[in-house]
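Since we're looking at a predicted model, the values are computed, not measured. When a residue number appears, it is its place in the shown sequence, counting from 1.
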Amino acid sequence: MTIIKRIALAALLVAPTFSIKAQIIVAAESKQNALVLQVTPKKELNTLYFGAKLGNAGDYSNIAKQYRYISSTGEADQAYSTAGNINILEPAIAVTHADGNRSLALKYVDHKTKQVSDGVTLVSILLRDSVYNFDVTLNYQTYFNENVTEQWTIIKHREKREVVLNKYASANLYLQNNGYWLTHFNGEWAQEMHPEEEKLSHGIKTLDSKLGTRADLFQPPVFMVALNKPATEDEGQVLYGNLEWSGNFKIDFEVDPNNNLRLIAGINNHAADYTLKPNKEFVTPKFVYTLTDKGKGEASRNLHRWARKYKVVDGMGPRLTLLNNWEATYFDFNEPKLTELIKATKNLGVDLFLLDDGWFGNKYPRNGDKSGLGDWDVTKTKLPNGIAYLTKTAEETGVKFGIWIEPEMVNPKSELYEKHPDWVVKQPARPEYYMRNQLVLDLTNPKVQDFVFNIVDDLFTKNPKLAYIKWDCNSVIFNANSATIAHQGNFYTDYVFGLYKVLDRVRAKYPKVPIMLCSGGGGRVDYGALKYFTEYWPSDNTDPLERVFIQWEYSYFYPSLTSSNHVTDWGKQPIKFRTDVAMMGKLGFDIVVSKLEANELAFAQGAIKLYNQFSEAIWHGDQYRLQDPWKNDVASVMYVEPNQSKAIMFNYHVSNRYRSASIRPIALKGLQADKMYAVKEINLMPGQRSSMPGGTYSGKFLMTIGINPVVSDGGRASVVVSIEEAK
Ligand code: DGJ
């Protein structure tokens, strides 16, 4: 693109200067999309195009001349916009050089393309400042079949002294469309993922967080932008994005005077001026995105496929069903009680018993949330025979055993705090401020990293049969400050790098063991974390009606096998409704099994068997959101096995209005039109008879007319349907 100054406006109308020819064009292409960059004769790297792939590679060089921009915004299309030079919009990078100068002008040096693996290509472009010895490498890793790109930046300098990075974004996209509809999410504890859609107006809309230990409590690092018009489930061009970073993030959407969208995503630079030594690489987190012209459904299936194949730990593998004791006992348990729960696990028919918070601390036993956190020795009065006894009991009972930890945190009332006050994040001269009576350990400190790694390592070393970990994180960072680092501006960023160093060590030694990412809700989930975890906890709110909405929203971005859904006593719904909702992901229970009525227990046992039969569709299949709970009386979601021979459909009554029900059939998706499918209601309560018109139908019929699951309030508030190829 050409810069056209306002003063040249008159001349421009007769003689626009659009004739600058691109010397080099660099394209990162997937099956459907192309991100095309061009090197200008002045060696600047600009974004030429981002959108659906064009027919011929040569077409890209014809794009620029079709635009007649009138603006004084400078180089609005810089591929990685800098501060202090000719860019006068929001920059992706801002630095203070060793000599105090604050300008940066990056020029193209070279680029290379590498085949990382089958279907995965990495384009790396080296840019260098024209005055300072300062390099930036832009990386675009494309997953061809999934139409997903990960973008990140490597910053390195060879100046005489340290340089301060005042801003260091991962990616800077530039879209030229007729309007942008941003969907973002807000929430609070137990109210996660409330969607809001707005048309972006001129200026900057920022999504960000400053929580330190997690990305989200109020706003997750995921979003979608529909281009040209709002997108629906099956129509419209839409971009999904997520910063792969488990801490403070900032995503700016700037609609510039030419109505183009500059999207800059990265670590939040708030209170995070980063001091970088000479010759040391700073690698930003990845920003992952997918673009489709077939609506929100395809965008989410793109991300799901990519996540399962390339990102989530054991994404192509199975998941363990479990019984958790948190809501059954809270902190009040002992060996006999747990032994009973282990037996109940077997009786219920799930794979694993998960012992939650409250098993550790002796000087200050963890009998509540005010003490003991940080003291990871088993409480002798509660569990005299240790964890080993419990894992053995589980093994003898025929189930696996898992355990809860919250290794980054400390209660002030703990031996850990007494011994290592300098390991705690706090302002030395200010009063401590707590979230859930606890403080955060300083993971920028390598000794703390060792401590946290050893908590996990000791558990596995002493209990080789341990099969699962729930890794919790219940505080944000207040009073951000480290007792040991040289530059406090590095603190927030190095905290997350410290966490990732620990998790790298855990995964190097225990590559596949299932670990749930928990944060008093889904506040911690992002694709940076899911690289280390098998699943996440979407919300402490397990009221199933609430969960229909919460899980619906998460499902745009994260595949269902990562969503830990537990049946609890939250909400007013019967066990069937609660279990059906929890089945739409990784099924678990957190109830007192012995208090279930006989028919409830029989139902739950049957549901677990059914869940196992349909787990291939739920875990590894394609998900279709059929009917939106926000807009309909009945919400409906479907999972289809990759070979389209078997599917499961979940339907929920989500309205209190008079006569609200599934009046019309709901059209299915993702089947083969010419196959015949047997359709029937499953997961009924013992003795319950289905009133749904089951039968054998063609895929075409099911996807054109659909079926009516006959959902209404009362006994048919939740209906599960199987769709299996009729042989
Ligand atoms: C918060 C989690 O969300 C709960 O499931 C439970 O593990 C508690 N922490 C334990 O303290």
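- No side-chain heavy atom of Val424 sits under 4.5 Å from any side-chain heavy atom of Leu416.
- Identified under the ring pair (Phe, Tyr, Trp, His ring centres under 6.0 Å) test for residues 370-390, with sequence neighbours left out: Trp359-Trp376, Phe360-Trp376.
- In summary, the aromatic rings of Trp245 and Tyr500 are positioned with their centroids under 6.0 Å apart.
- Heavy-atom neighbours of Tyr433 OH from other residues, nucleotides or ligands within 6.0 Å: at or below the threshold of 12.
- In this model, no donor atom of one side chain and acceptor atom of the other lie less than 3.5 Å apart for Asn437 and Lys413.
- Between Gln219 and Asp208 there is a side-chain heavy-atom pair separated by less than 4.5 Å.
- Residues Gln438 and Glu406 are in side-chain contact: their nearest non-hydrogen atoms beyond the backbone lie under 4.5 Å apart.
- A distance of 10.0 Å separates CZ of Phe353 from CG of Leu322, quoted to the nearest 0.5 Å.
- Between Phe497 and Tyr492, a ring centre-to-centre spacing not shorter than 6.0 Å is recorded.
- Residue pairs meeting the salt bridge (Lys or Arg N to Asp or Glu O under 4.0 Å) criterion with at least one member in residues 517-533, sequence neighbours excluded, are Glu408-Arg524.
- Counting only N and O atoms by type, the side chains of Asp457 and Tyr510 include a donor and acceptor under 3.5 Å apart.
- Using a 30° and 60° split on the angle between ring planes, Tyr556 and Trp552 fall in the perpendicular class, above 60°.
- Side-chain contact check for Asn411 versus Arg366: some heavy-atom pair is nearer than 4.5 Å.
- Both the sub-6.0 Å distance and the 45° axial angle are not jointly satisfied by Arg214 relative to the ring of Trp537.
- Counting only heavy atoms from C-beta outward, the side chains of Leu352 and Phe401 never approach each other to under 4.5 Å.
- Here Tyr289 and Trp306 keep their ring centres 6.0 angstrom or further from each other.
- Counting only residues at least two apart or on different chains, the salt bridge (Lys or Arg N to Asp or Glu O under 4.0 Å) pairs with a member in residues 489-506 are Asp450-Arg505.
- Among pairs with a residue in residues 327-336, those fulfilling salt bridge (Lys or Arg N to Asp or Glu O under 4.0 Å) read Asp332-Lys337, at least two apart in sequence or across chains.
- For Phe287 and Trp152, the gap between ring centers reaches or exceeds 6.0 Å.
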Side-chain polar contacts of residues 96-103 - donor-acceptor pairs under 3.5 angstrom, sequence neighbours left out - could you list them?
unit_1: Thr96; atom_1: OG1; unit_2: Asn166; atom_2: OD1; d: 2.8
unit_1: His97; atom_1: ND1; unit_2: Glu159; atom_2: OE2; d: 2.5
unit_1: His97; atom_1: NE2; unit_2: Ser103; atom_2: O; d: 2.6
unit_1: Asp99; atom_1: OD1; unit_2: Asn101; atom_2: N; d: 2.9
unit_1: Asp99; atom_1: OD1; unit_2: Tyr132; atom_2: OH; d: 3.2
unit_1: Asp99; atom_1: OD2; unit_2: Tyr132; atom_2: OH; d: 2.6
unit_1: Asn101; atom_1: OD1; unit_2: Ser103; atom_2: N; d: 2.8
unit_1: Asn101; atom_1: OD1; unit_2: Ser103; atom_2: OG; d: 2.7
unit_1: Arg102; atom_1: NH2; unit_2: Asn166; atom_2: OD1; d: 3.4

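- No more than 12 heavy-atom neighbours from other residues, nucleotides or ligands sit within 6.0 angstrom of CZ on Arg161.
- Using modelled atom types, one side-chain atom of Thr153 and one backbone atom of Ser170 make a donor-acceptor pair closer than 3.5 Å.
- Shown here is Lys250, whose NZ atom has more than 12 heavy atoms of other residues, nucleotides or ligands within 6.0 Å.
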* **Intermediate values then yes/no, ring-ring contact (aromatic ring centres under 6.0 Å, His included), Phe557 and Phe185** => CA-CA 12 Å; Phe557 303 97; Phe185 303 83; 5.6 Å; yes

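- Put simply, the side chain of Leu341 reaches to within 4.5 Å of the side chain of Thr329, judged on heavy atoms.
- In this structure the side chain of Phe589 never reaches within 4.5 angstrom of the side chain of His566, judged on heavy atoms.
- His157 is listed as a side-chain neighbour of Leu276, based on a closest heavy-atom distance under 4.5 Å.
- Aromatic pair Tyr558/Tyr536: centroids less than 6.0 angstrom apart.
- Phe223 pairs by the ring pair (Phe, Tyr, Trp, His ring centres under 6.0 Å) definition with Phe253, not counting sequence neighbours.
- When only modelled atom types and interatomic distance are considered, Glu415 and Tyr417 share no side-chain donor-acceptor pair under 3.5 Å.
- Taking the ring axis of Phe282 as reference, the NZ or CZ atom of Lys156 does not stay both within 45° of it and closer than 6.0 Å to the ring centre.
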